Amino acid sequence: MQHKTHALVIGGSLAGLLMSRVLANHFDRVTVIERDTYPDQPMPRRGVPHSRFPHTLMLRGQRILEQWFPGLKAELLAQGAIELDSMKEIAFLTPAGWTVRSDSDLMLLACSRDLLDWHIRRRLAASDKIHFLTSASVTGLLTDPEHTKITGVSLHRHQDTNTELHENLYADLIVDASGKASRTPQWLQKLGYAAPPETEVNAFVGYTARIYQPPPNLSVDWKMVFIPSAPPQQHRGGAIFPIEGDRSTPNQMRWIVSLVGGDHDYPPTDEAGFVAFARSLPSPILADAIQNATPLTPIYTYCGNENRRRHYDQLSDSPARLIVVGHAACLLNPTYGQAMTVAALEANIVDQFFQRHSIDSLHQQTHVLQKRLATAHREAWSAATNMDYRYHSVSSKPTDTVTRFANWYWDQLLELVVDRVGVHHTFLEVLHLLKPSIALFHPSILAQVLWHDLRKRRQQSALRQESTISTM
């Protein structure tokens, strides 16, 4: 009798859900183990505490999800999700001013994280290959006698009677998608392996969020407002993010209004402090917008926003048939909205791997797969940490020439996107992970950056000369 292949995913948040979708193409059975119980409607749950905050599905991630779940975009739009032109309908304030607004093909989909997760779970639950094991916690890894490969997990299942059921579950592949609280480093050490080396970049960023009902008869020329922080000079920012209405009125748009502060300058959670923080931003647009809006929720706060990379790809010795994905491998400052798209990229890599390798090859190829997964978050990690290194509170900052040049170049780009449509378009393509960051160094853009800087230097020199003459 032929062996029925089984893949096991630890963690049923978005990274785990996307992994289960692609693994169902290659395994006979996929089990998703989740500590929570899933709500039967789009609503917050304990295992995703940051779902109350804005979640941006970058355009690259949006396109990948549509490939895996055809018609998902139409379903979300039918439930009140908002489609908007990233260049025309987002009021984006840089330190140099508001970006140029124009029609584009960069259409962004805005909705709550709860709505997105719920639609994906519903799709997966319809598959006869994917099974959800909820109210269950993994307590350790199972191995063969030599500890050379992982064969399953031990777990606790929480019963309605306040009792726990202990059992073992065996599989041909174990995927840790359990998030930042992942216990895999400790489990590996218990088996005699080294824990992965870690890199952490912490700018001590915190943010708050509140859902509002927009004021009636609102007349503005934007659907979204984005005022990012700009360290080291400006460590405060904010955003207005449109989402669908509640369950009773899904097509009545709401706002998630979020405030962010770095270098320990966390936004307050009291009413007066929240409003005052919004008013302190470089533009009054956000504060003015919420002045007549109706608050629908309390003010929520979230401060666990460090970047942390666990380098499983660098381990010289690790057991086969175990891979680590999502925040369990690479935690990104969520302010930059990259994590969901990175999870989609990881799922693509796993699918491509099994298109070229058999499941039996995992004993020799697991480390190869883990190294490929590390490439999924390389661009996002670089973008997030390069920005966070600019905060004062980050220790061990790189000070080499390359870093100084990159910071200078970024500042010039933010000045160019104010009035250069082509530069703005490429800038957004890189931001949404549609193009690699090297696209921003295309000769046509590089030439504009150098000419822009030369012109600024000449203007500054002329001003200094005029100032010298006037004081003589």
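Since the model is a prediction, treat every value here as computed from it, not as a measurement.
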*Just by distance, do the side chain of Ser178 and the backbone of Gly11 share a donor-acceptor pair under 3.5 Å?*
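Judged by distance alone, no pair lies under 3.5 Å.
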
_For the backbone of Gly245 and the side chain of Gln213, can you confirm whether one donor and one acceptor N or O come within less than 3.5 Å of each other?_
no

Solution key, residues 295-304 side-chain donor-acceptor pairs under 3.5 Å, sequence neighbours excluded:
from, atom 1, to, atom 2, distance (Å)
Thr297, OG1, Ile211, N, 3.1
Tyr300, OH, Arg52, NH1, 3.0

_Among residues at least two apart in sequence or on other chains, which ones pass ring-ring contact (aromatic ring centres under 6.0 Å, His included) with His264?_
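Scan of His264 (ring-ring contact (aromatic ring centres under 6.0 Å, His included), adjacent residues dropped) gives Phe204.
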
*For the pair Asp411 and Arg390, find out whether any cationic side-chain nitrogen is under 4.0 Å from an anionic carboxylate oxygen.*
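Yes, this pair counts.
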
*Please work out which of the three classes, parallel, tilted or perpendicular, describes the rings of Trp222 and Trp255, given edges at 30° and 60°.*
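The arrangement is tilted - the two ring planes meet at 30° to 60°.
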
*Any pair with a residue in residues 268-279 that passes side-chain hydrogen bond (donor to acceptor under 3.5 Å, both in side chains), sequence neighbours left out, goes on the list, sorted by first then second residue, please.*
Arg210-Glu271, Arg279-Asp288

_Asp117/Arg45 under salt bridge (Lys or Arg N to Asp or Glu O under 4.0 Å): CA gap, chis, key distance, verdict_ = CA-CA 11 Å; Asp117 282 10; Arg45 63 183 180 91; 5.2 Å; no

For a quick test of your reading: what N or O donor-acceptor pairs under 3.5 Å do the side chains of residues 431-441 make, sequence neighbours left out?
from, atom 1, to, atom 2, distance (Å)
His432, ND1, Leu59, N, 3.2
Lys435, NZ, Glu429, OE1, 3.1
Ser437, OG, Glu379, OE1, 3.2

*asked:* If you count every heavy atom of other residues, nucleotides or ligands that lies below 6.0 Å from Arg308 atom CZ, does the total exceed 12?
replied: yes

*Is atom NZ of Lys88 surrounded by more than 12 heavy atoms (other residues, nucleotides or ligands) closer than 6.0 Å?*
no

Does the side chain of [X] pick up a donor-acceptor pair with the side chain of [Y] at under 3.5 Å?
{"X": "Ser104", "Y": "His425", "value": "no"}
{"X": "Ser154", "Y": "Thr139", "value": "yes"}
{"X": "Tyr312", "Y": "Thr184", "value": "no"}
{"X": "Asn307", "Y": "Tyr389", "value": "no"}

_According to salt bridge (charged side-chain N to carboxylate O under 4.0 Å, His left out), who are the partners of Asp246, at least two apart in sequence or on a separate chain?_
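So Asp246 forms no salt bridge (charged side-chain N to carboxylate O under 4.0 Å, His left out) with any residue.
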
*Which residues pass the salt bridge (charged side-chain N to carboxylate O under 4.0 Å, His left out) test with Lys456, sequence neighbours left out?*
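Partners of Lys456 by the salt bridge (charged side-chain N to carboxylate O under 4.0 Å, His left out) criterion, ordered by chain and then number, come out as Glu415.
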
